[in-house]
There are 2 protein chains.
Amino acid sequence: MRNSPARRASPIGQMRRGVASSNDSEVRNRSRRGSGRPTLADVAGLAGVGSITVSRALRDPERVSPELRQRIAAAVNELGYVPNPSARALASARADVIGVLVPSLTNNVFSEVLRGIHEGLGDCPLQIQFGNTHYSDEEEERLLRVFLGQRPSALIVSGIDQGPTTRQMLEEAGCPVVQIMEIGPDPVDMMIGFSHLEAGKVVARHLIDVGCKRIGFLGARMDPRSRRRLAGYEAVMREAGHFDAALVTTTISPSSVSMGVSLFHKALERTPDVDAVICNNDDVALGVLFACHRAGLQVPAQISIAGFNDLEMMEVASPSITSVRTPRYEIGRRAIAMARAAIAGKRPQRTVVDLGFELKIRESTMRPAVLAL
Amino acid sequence: MRNSPARRASPIGQMRRGVASSNDSEVRNRSRRGSGRPTLADVAGLAGVGSITVSRALRDPERVSPELRQRIAAAVNELGYVPNPSARALASARADVIGVLVPSLTNNVFSEVLRGIHEGLGDCPLQIQFGNTHYSDEEEERLLRVFLGQRPSALIVSGIDQGPTTRQMLEEAGCPVVQIMEIGPDPVDMMIGFSHLEAGKVVARHLIDVGCKRIGFLGARMDPRSRRRLAGYEAVMREAGHFDAALVTTTISPSSVSMGVSLFHKALERTPDVDAVICNNDDVALGVLFACHRAGLQVPAQISIAGFNDLEMMEVASPSITSVRTPRYEIGRRAIAMARAAIAGKRPQRTVVDLGFELKIRESTMRPAVLAL
DNA sequence: AACAGGGATGGTAGCGCTACCAACAGGTAT
DNA sequence: ATACCTGTTGGTAGCGCTACCATCCCTGTT
């Protein structure tokens with residue numbers, strides 16, 4: 001019941017027999033090897049051309065005369081020919097695969113990036129080979145090694161803090177490499193993202209502007225990007241003379257809404273006088289909002305909340321939550337576009353692209369006076 | 001700067017010259033084809049065995065004597081040999097690829113499933129080939145066609161409502177097929193999920209039990225699974241004599257928290273007397289919670305809310321939200337386990353697995369009396 | 001002692017495609 | 001008329017691996 005390709009193949013075999021040398025095809029039908037599916041040679045036989053011409057017509061139609069092109073298209077259609085990517089990869093020593101390494105799948109930031117990557121691909125015949133590093137350098141190195149074994153057409157990796165071995169492998173990969181999410185000095189090849197340090201600064205400045213002084217920082221899963229946001233916060237707080245190490249509450253445990261609740265409780269214990277919290281992402285911010293609601297703390301009258309990433313729900317939360325809009329989807333799309341351009345030999349003029357970010361100011365950080373309007 | 005594989009390959013080439021016939025290797029070095037990386041034959045030369053023995057040692061070590069196995073392992077290590085998956089796929093007419101089709105990446109339900117799939121894979125040498133159908137039958141069919149062109153080892157598809165062409169392609173795929181998320185009659189091959197109809201019934205019954213009568217149903221992105229949950233709701237409501245078509249507010253637009261807000265507003269307009277809403281997922285439920293908060297409606301005193309999926313945040317929301325816990329991660333893990341077993345020829349005895357679900361009753365649907373305790 | 005049986009090993013011939021070169025037509029420059 | 005392009009087509013030889021046999025050796029049996 002589960003196995004009919006052999007049956008399906010037989011009409012094709014007969015078709016072939018009528019066109020190619022009959023001896024040939026009979027031998028082929030008896031053979032136990034082979035996939036039983038039409039090949040380039042079958043298409044070529046039916047169209048009455050050489051197989052290499054079919055190959056060209058499929059990959060680079062410009063180089064084949066319109067007449068042959070049409071005959072070949074008809075033959076492809078009739079046989080239901082689908083190219084064999086393994087054979088192509090083997091013959092050309094280059095797989096139509098783009099390796100993508102991200103640190104997490106749970107995190108909806110990266111699912112947005114992945115969506116951008118998939119949609120940026122459109123229907124071009126590239127495959128995405130996807131790997132989850134779980135925020136581990138060793139795992140990243142292992143996965144990269146596996147990916148390189150396939151001779152990918154390009155690589156997309158998250159962040160700019162690869163370990164030395166990983167860094168060297170990327171440099172020697174012999175294919176375009178795009179580092180995403182962040183920008184920094186010394187790219188391996190290309191880079192697209194924004195400055196997390198600046199983003200941290202902007203949020204902190206905003207809260208100082210609206211009159212907050214005891215501004216806490218809550219961070220779960222303190223990856224390198226979160227640490228840079230924290231560094232931006234710290235720089236601005238020091239400059240304003242407000243910095244206090246007790247205001248910073250972080251954990252390396254994974255981020256979640258409930259982790260936001262517990263980080264907030266811990267912060268309240270350490271610094272009961274906090275008048276604002278900056279969260280390293282929106283999950284944590286949402287947890288803080290819920291915790292405030294449960295504790296009867298008025299937002300923003302008694303405490304202001306700022307998040308990071310600007311998930312869609314931030315705008316409709318009650319109160320709506322100030323957050324930094326990050327171009328996650330756009331990063332995915334543009335990363336693929338850059339990779340494709342580089343594969344096609346047209347390296348973009350700008351190899352380091354700063355997509356920036358946007359502070360979305362909402363109710364959770366508005367001054368009472370403004371709210372009253 | 002970007003291109004060093006050629007340089008890296010040269011010591012390997014020299015190594016090879018010392019072992020294999022020197023004439024051979026010189027020709028090989030001059031050739032412009034080939035990846036420049038060590039091959040099975042190189043490993044075989046260094047270990048002093050036939051290449052087929054190396055192949056066996058790598059795929060099925062039991063069949064090679066311990067002594068040779070060790071020599072081969074040493075040679076692999078020394079050369080840094082990595083098998084070429086394309087060549088393997090071509091020669092064996094079978095790629096070590098599992099095709100996975102899901103309808104959405106935005107939806108965190110499916111990112112959990114994907115996480116389960118990736119983690120269920122462990123470090124076995126299978127690759128996941130992933131496709132996003134965007135809830136479109138045509139797109140599903142197109143992607144399936146692409147996947148089948150690679151002769152995957154197994155296929156994982158979402159839902160049980162494939163179109164006739166897709167259904168036929170799956171039946172003729174000649175590889176194990178796992179349908180996930182749902183169970184139903186007439187599986188293509190294997191199936192893992194739970195009954196959405198039952199889940200819909202259980203939630204509706206619970207709300208009736210706590211004394212609600214005008215129970216609304218809010219649904220965004222009404223895919224087949226959501227429709228079956230709605231059918232369960234409708235059946236129970238009819239049985240209780242509470243059904244009213246005006247209580248059902250749905251849209252095919254994508255689901256989101258803000259869509260939950262607007263669906264709730266629409267429902268309030270049509271049936272201002274609703275005393276509870278069942279949402280087809282937790283995003284919508286969260287939107288309802290925010291809308292209630294903004295409108296000053298007490299939850300659950302004035303209105304009860306139930307969600308679906310039991311995202312982590314439901315438990316810490318304020319009030320916490322009743323939801324149906326669905327085994328998303330587990331579905332991914334088990335689906336891969338079933339696929340791997342089938343690939344290995346050990347088809348599981350149970351080919352249709354019902355993982356069930358669990359109604360998590362929380363504050364948002366508690367009777368005032370219970371809350372007062 | 002001859003033989004069958006089984007486990008370990010190797011040789012060979014592809015898998016389906018593309019890189020490379022060769023061939024040839026039809027034009028343009030010499 | 002010859003040489004020399006340029007553009008289209010085809011032949012051939014692999015890419016690196018595995019399926020399929022053949023071979024070898026070592027048992028155990030008659």
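In what follows, chains are A, B, ... by sequence order, proteins preceding strands, each numbered from 1.
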Could you tell me the separation between the [atom1] atom of [X] and the [atom2] atom of [N], rounded to a whole number of Å?
X: B/Arg69; N: C/dT9; atom1: CZ; atom2: P; answer: 10 Å
X: A/Arg63; N: D/dT6; atom1: CZ; atom2: C1'; answer: 12 Å
X: A/Asp60; N: D/dT9; atom1: CG; atom2: P; answer: 13 Å
X: A/Glu67; N: D/dG7; atom1: CD; atom2: C1'; answer: 16 Å
X: A/Asp42; N: C/dC15; atom1: CG; atom2: C1'; answer: 13 Å
X: B/Ile72; N: C/dA8; atom1: CD1; atom2: P; answer: 13 Å
X: B/Glu62; N: C/dG7; atom1: CD; atom2: P; answer: 13 Å
X: A/Arg59; N: C/dC20; atom1: CZ; atom2: C1'; answer: 12 Å

A/Arg340 (side chain) donor-acceptor with A/Leu121 (main chain) under 3.5 angstrom: yes
Which nucleotide sits closest to the side chain of [X]: [options]?
X: B/Ile52; options: C/dC17, D/dG16, C/dG11; result: C/dG11
X: B/Val64; options: D/dC15, C/dT9, D/dC17; result: C/dT9
X: B/Asn84; options: D/dG16, D/dT18, C/dG16; result: D/dG16
X: B/Leu90; options: D/dC15, C/dC15, D/dG10; result: C/dC15
X: B/Ser92; options: C/dC17, D/dA19, D/dC17; result: D/dA19

Spacing of B/Thr351 atom OG1 and B/Gln179 atom CD [to the nearest 0.5 Å]: 10.5 Å
Under 4.0 Å: is that the gap between some side-chain N or O of [X] and OP1 or OP2 of [N]?
X: A/Ser65; N: D/dT9; answer: yes
X: B/Ser55; N: D/dC17; answer: no
X: B/Arg88; N: D/dG16; answer: no
X: A/Thr53; N: D/dG10; answer: yes

Please name the residue in the list B/Leu40, B/Asp42, B/Leu46 that meets the side chain to side chain contact (heavy atoms under 4.5 Å, CB included) test with B/Tyr81. B/Leu40
I need the single residue from A/Leu144, A/Ile98, A/Leu101, A/Val178 that forms a side chain to side chain contact (heavy atoms under 4.5 Å, CB included) with A/Leu155. Which is it? A/Leu144
B/Glu138 vs B/Arg142, salt bridge (charged side-chain N to carboxylate O under 4.0 Å, His left out): CA-CA, chis, key distance, verdict: CA-CA 6 Å; B/Glu138 293 74 45; B/Arg142 191 187 71 83; over 6 Å; no
Side chain of B/Arg56, base of C/dG10: donor and acceptor closer than 3.5 Å? yes
